[in-house]
Amino acid sequence: MGNEDGADPGRRGLLVTGAAAALTLGGVSFAETADAADAADGRTTEVVRGTLPPGSPDFVYLPVEVPRGVAEIRVSYAYDRPQVPAGTQGNALDIGIFDERGTALGGEGFRGWSGGARGAFFIRGDEATPGYLPGPVRAGTWHIALGPYTIAPQGLAYTVTVTLVRGRPRPTPEPVYPPERAEGRGRAWYRGDCHLHSWYSDGRRTPGEIAALARAAGLDFVNSSEHNTHAAHGAWADAAGDDLLVLLGEEVTTRNGHVVAVGTDPGTFVDWRYRARDNRFGHYARAIRRAGGLVVPAHPHATCIGCNWKFGFGEADAVEVWNGPYTPDDDVSLADWDGTLLASVRSGVRWTPAMGGSDAHRDPDAVGTPQTVVLADGLTREAILDGLRAGRSYVAESSAVSLSFAAYGGRGRRAGIGERLRVGADTPVTVRLEVTGAPGRTARIVTDQGVLHTAALPAEGTGTVEWRTTAAYAAYVRAEVRHPAAGPVPGFPGPLAAFTNPVFLGHPA
């Protein structure tokens, strides 16, 4: 059996939906009873072929009419990867699925997404391919979602194979989520990695393997952040423990940038099918916050297609300026973020803290490189998110590096990272940075005027740097610890070993 269809919007049977952002193809229909050739094993298969031309919408939906009595749906796909000239994008096609409840943005129909990480998936009541949600295969119109990430000049020829397996439905187990509290040390500095990928999206590690690596890296907490799916939320309970807090979230991977939802309620799905011009991001940012999570734009100046952040930072609770091993695009993100601090000082509006995350997917990606170190009242979801939201944090390349940074002045007053030292404009202020675990590095004190003080750290990597200023001279101070400059990149001062969020000086505007 077979069915062929193209993706030319002018052809019969095709429906353009939304603001030219999605396309619905002619459907695949399965008979109420299996053909005789398929009756022996209860399977019925249909094959769909088509070609997507350059300029196709972001999402193409293939309707599948699922009859009663189906226990399992299996989907596989393939597409051509022709040779293209240098500098020209080739073909890349993502895939996912929505059930009979429909494809509406933010609706309940989402059943899974694997992007381009897998060529096949299945869903049944008791189990599903990682990245997909187990549950009943109910009768109605399901939709296979195809996402043409890039299309070669020749077009993208694809084949989708759909198999329905009849039988008695299997019961769906209730998901078990990790606890929201671990055994902490009271008010203390806790280390975490909020940007990680397992085999539930395009990673290659299991949650258990990631947890083992997190413990080895000296982490106290991690955040589940799979691309465009929350299917991993119920897979982390066994990996958590008294020594490791597991937060739940998602990396919302749009065509105009990625945002990590950190610490949302279990089972929270955040839609990603929009661009900046659609004016939808604010709605989903607020949905993340309603679910108790933080909105964190990821790698805003990354160079991969669709990674560069286009939504602005008005809805951000924090921003990930250090992603994986430190590179020049992270330096651009850091400088861009630093530029927002003075704007906050001038306007009196809330400032946006900075974070880091490893974005680790597979070997040799290092979990906890970098890691965000947050001052929190305990090792709980609520306390960690409060500390991150307030900017009481610094970012370090590993657990070997520790910082203490504060400003002192005006009758014994002290303000730490993420806080404000309320002193008069001309009151003398002493800024003190204490560093351990950074041999051969250079410490820098950065203000709204730029880098105003540098000092080489001792060979053993432990030292204290002090600098004196006033609120009239420095609206804020923050600290960086850097490796020596390396490589031929002009103006690149060397990779970070650590940096802090700011301490603000003076009275607010």
Using the six-membered ring of F405, assess whether NZ or CZ of R478 lies under 6.0 Å from its centre and within 45 degrees of the ring axis. no

Tell me yes or no: between the side chains of H227 and T253, is some donor less than 3.5 Å from an acceptor? yes

Can you check side-chain contact (heavy atoms from CB on, under 4.5 Å) on V252 and F269, steps first, answer last? CA-CA 9 Å; V252 184; F269 166 65; over 6 Å; no

Could you check whether any side-chain N or O of S393 sits under 3.5 Å from a backbone N or O of V373, counting only pairs where one atom can act as donor and the other as acceptor? no

Do the side chains of R205 and D363 get close enough for a salt bridge, i.e. N-O under 4.0 angstrom? yes

Is there a donor-acceptor contact under 3.5 Å linking the side chains of H483 and E397? yes

Taking atom types as modelled and ignoring hydrogens, do the side chains of H301 and D336 form a donor-acceptor contact shorter than 3.5 angstrom? yes

Between E320 and H299, a side-chain donor and acceptor under 3.5 Å: no

Does a side-chain heavy-atom distance below 4.5 Å link L388 with L294? yes

Please determine, by modelled atom types, if D202 and H361 share a side-chain donor-acceptor pair under 3.5 angstrom. yes

Would you find a donor on one side and an acceptor on the other, under 3.5 Å apart, between the side chain of T500 and the backbone of P502? no

Will you find, in the side chains of R191 and S402, an N or O donor that is under 3.5 Å from an N or O acceptor? yes

Would you please indicate if the ring centroids of W113 and Y200 are separated by under 6.0 Å? no

Using a 4.5 Å cut-off on heavy atoms from C-beta on, say whether the side chain of Y473 contacts that of L452. yes

Is it true that the NZ or CZ of R255 lies under 6.0 Å from the centre of F59's six-membered ring and within 45 degrees of the ring axis? yes

Quick one: does D94's side chain have a donor or acceptor within less than 3.5 Å of a partner on G116's backbone? yes

Give a yes or no on whether the backbone of A318 and the side-chain of T352 come within a donor-acceptor separation of less than 3.5 Å. no

Salt bridge or not for D278 and R280, using N-O below 4.0 Å? no

Taking the side chain as every heavy atom from C-beta outward, state whether V429 and T470 have any atom pair closer than 4.5 Å. no

Looking only at the side chains, is there a donor atom on one of E226 and H233 sitting less than 3.5 Å from an acceptor on the other? no

Quick one: do E382 and R181 satisfy salt bridge (charged side-chain N to carboxylate O under 4.0 Å, His left out)? Show the steps, please. CA-CA 9 Å; E382 180 181 9; R181 177 182 298 272; over 6 Å; no

Any side-chain to backbone donor/acceptor pair from R413 onto R411? Under 3.5 Å, distance only. no

Evaluate side-chain contact (heavy atoms from CB on, under 4.5 Å) for I305 paired with T150, printing each intermediate quantity in order. CA-CA 9 Å; I305 294 173; T150 56; 3.8 Å; yes

Whether over 12 other heavy atoms sit under 6.0 Å from E127 CD: yes

Does atom CG (D126) have a neighbourhood of more than 12 heavy atoms from anything else shown, all under 6.0 Å? yes

Any donor and acceptor pair, going by atom type alone, linking the side chain of N256 with main-chain N or O of R275 inside 3.5 Å? no

With rounding to the nearest 0.5 angstrom, report the CG to CD distance, L248 to E180. 8.0 Å

Exactly one of D386, D265, T264 should register a side-chain hydrogen bond (donor to acceptor under 3.5 Å, both in side chains) with R381. Which one does? D265

Counting C-beta onward and ignoring hydrogens, is there a side-chain heavy-atom pair between L505 and T469 closer than 4.5 Å? yes

For a quick test of reading the model, state the closest non-hydrogen atom pair linking A231 to G131 and the distance between them. CB-C, 3.5 Å

Mark yes or no for whether W309, through its side chain, and G312, through its backbone, hold a donor-acceptor pair below 3.5 Å. yes

Evaluate R204 against D365 for salt bridge (charged side-chain N to carboxylate O under 4.0 Å, His left out), listing each step before the verdict. CA-CA 11 Å; R204 293 293 180 269; D365 298 352; over 6 Å; no

Is the CH2 atom of W236 crowded by more than 12 outside heavy atoms at less than 6.0 Å? yes

CD (E251) and OG1 (T229) are apart, to the nearest 0.5 Å, by 12.5 Å

Given side-chain contact (heavy atoms from CB on, under 4.5 Å), test D243 with E183 step by step and report yes or no. CA-CA 6 Å; D243 62 334; E183 190 67 35; over 6 Å; no

So, do C194 and M355 sit near enough that their side-chain heavy atoms are less than 4.5 Å apart? yes

Answer yes if the side chains of D193 and S358 hold a donor-acceptor pair under 3.5 Å, and no otherwise. yes

Mark yes or no for whether T129, through its side chain, and Y132, through its backbone, hold a donor-acceptor pair below 3.5 Å. no

Is the distance between the ring centroids of Y476 and W351 less than 6.0 Å? no

So does D99 pair up with R111, basic N to acidic O under 4.0 Å? yes

Decide whether Y326 and D331 meet the rule of one side-chain donor and one side-chain acceptor closer than 3.5 Å. yes

Taking S225's backbone N and O only, do any of them form a donor-acceptor pair with H197's side chain (distance below 3.5 Å, no angle check)? yes

Rounded to the nearest 0.5 Å, what's the gap from CG on L433 to CD on E480? Could you check? 11.0 Å

One should read off an interatomic distance between N501 CG and F499 CZ, to the nearest 0.5 angstrom, of 6.5 Å

Once you round to the nearest 0.5 Å, how far does CD1 of I384 lie from CZ of R392? 9.5 Å

With a 3.5 Å cut-off and no angle check, do the side chains of H230 and E250 form a donor-acceptor pair? no

Would you name the heavy atoms of L244 and A239 that are closest together and state the gap between them? CD2-O, 4.0 Å

Does Y284 form a ring pair (Phe, Tyr, Trp, His ring centres under 6.0 Å) with Y274? I'd like the steps, not just the answer. CA-CA 10 Å; Y284 290 102; Y274 42 84; 5.1 Å; yes

Should D58 and Y149 be marked as a side-chain contact (heavy atoms from CB on, under 4.5 Å) after you check the CA-CA gap, both sets of side-chain angles, and the distance that decides it? CA-CA 7 Å; D58 290 346; Y149 192 60; over 6 Å; no

Is the number of heavy atoms from other residues, nucleotides or ligands within 6.0 Å of CZ (R185) greater than 12? yes

Rounding to 0.5 Å, atoms CH2 (W189) and CG (D220) come to a distance of 13.0 Å

Closest non-hydrogen atom pair, A376 against Y190: O-CE1, 3.7 Å

Check whether any side-chain N or O of W322 sits under 3.5 Å from a backbone N or O of G324 as a donor-acceptor pair, and report yes or no. yes

Considering residues, nucleotides and ligands other than E174, do more than 12 of their heavy atoms fall under 6.0 Å from its CD? no

